[in-house]
Amino acid sequence: QVQLVESGGGLVQAGGSLRLACLYSVPTFSSYAMGWSRQAPGKERELVAAISWSGHITHYADSVNGRFTISKDNAKNTMYLQMSSLEPEDTAVYYCLADESHSAPGGLADFGLWGQGTQVTVSS
């Protein structure tokens, strides 16, 4: 059984930084691509960043490229999203994702496993 538990959300001023963490549990010998998505009120879900199981391949949405960094530590079963130069437009609920069918990241539709989400609010 796969479990994804996010933490680290909160309120931050524009220009500030925040780090999200996702503690994951996956079946032994599995190798899932993982990622972070977000959804703001009235907006579609967006795949913000994705990473291969090995951590060697990363993808970023244009909206966050250069500001956000995704990483993971399989020894700690934890994935991170370091967010810098935050903007009010980054305000959303952020979700940890896992793709149990692929070890390399694809599109948002490939991620069938979601965490419960953590709220990030950026004030101007």
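All values below come from the heavy atoms of this structure, side chains included, with hydrogens, waters and symmetry mates left out.
The line from CG of Leu18 to CE of Met83 is 4.5 Å long, rounded to the nearest 0.5 Å. Distance CD/Glu100 to OG/Ser31: 11.5 Å, rounded to 0.5 Å.
Proximity of Pro27 to Val2: side-chain heavy atoms (C-beta onward) are separated by under 4.5 Å at one or more points.
Residues that satisfy the salt bridge (charged side-chain N to carboxylate O under 4.0 Å, His left out) test with Asp90, not counting sequence neighbours, are Arg38, Arg67. Listed by chain and residue number, Gln119 satisfy the side-chain hydrogen bond (donor to acceptor under 3.5 Å, both in side chains) test with Thr121 (two or more places apart in sequence, or in another chain). Applying the side-chain hydrogen bond (donor to acceptor under 3.5 Å, both in side chains) criterion to Arg45, with sequence neighbours excluded, gives Gln39. By the ring pair (Phe, Tyr, Trp, His ring centres under 6.0 Å) test, Tyr94 pairs with no residue at all, sequence neighbours left out. Thr91 is linked by a side-chain hydrogen bond (donor to acceptor under 3.5 Å, both in side chains) to nothing, counting only residues two or more places apart in sequence or in another chain.
Cluster membership for Val12 and Phe68, using ILVMFWY side-chain heavy atoms within less than 4.5 angstrom, is shared. Under the 4.5 Å side-chain heavy-atom criterion for ILVMFWY residues, no single connected hydrophobic cluster contains both Leu23 and Ile51.
Residues Leu113 and Leu4 come closest through the heavy atom pair O-CD1, 3.6 Å. Listed here is the closest heavy atom pair of Ala50 and Pro105: CB-CB, 3.4 Å. Taking each heavy atom of Met79 and Ile70 in turn, the nearest pair found is SD-CD1, 4.0 Å.
Cluster note: Trp114 groups with Leu47, Val93, Tyr95, Leu97, Leu108, Phe111 through ILVMFWY side-chain heavy atoms spaced under 4.5 Å, whether in direct contact or through intervening members.
Other residues, nucleotides and ligands contribute at most 12 non-hydrogen atoms within 6.0 Å of the CD atom of Gln13.
For residues 3-13, no pair satisfies salt bridge (charged side-chain N to carboxylate O under 4.0 Å, His left out), with sequence neighbours left out. Counting only residues at least two apart or on different chains, the side chain to side chain donor-acceptor pair (under 3.5 Å) pairs with a member in residues 101-111 are Asp99-His102. Listed by first then second residue, pairs satisfying disulfide bond (SG atoms under 2.5 Å apart) with a partner in residues 33-116 read Cys22-Cys96, not counting sequence neighbours. Each ring pair (Phe, Tyr, Trp, His ring centres under 6.0 Å) pair with one or both residues in residues 31-64, not counting sequence neighbours, appears once here: Tyr24-Trp53.
With hydrogens and angles ignored, the 3.5 Å screen pairs no side-chain donor or acceptor of Thr69 with any backbone N or O of Gln82. Counting only distance, with no hydrogens or angles, the side chain of Thr78 and the backbone of Lys76 share a donor-acceptor pair below 3.5 Å.
Donor-acceptor pairing under 3.5 Å is recorded for the side chains of Glu46 and Ser63.
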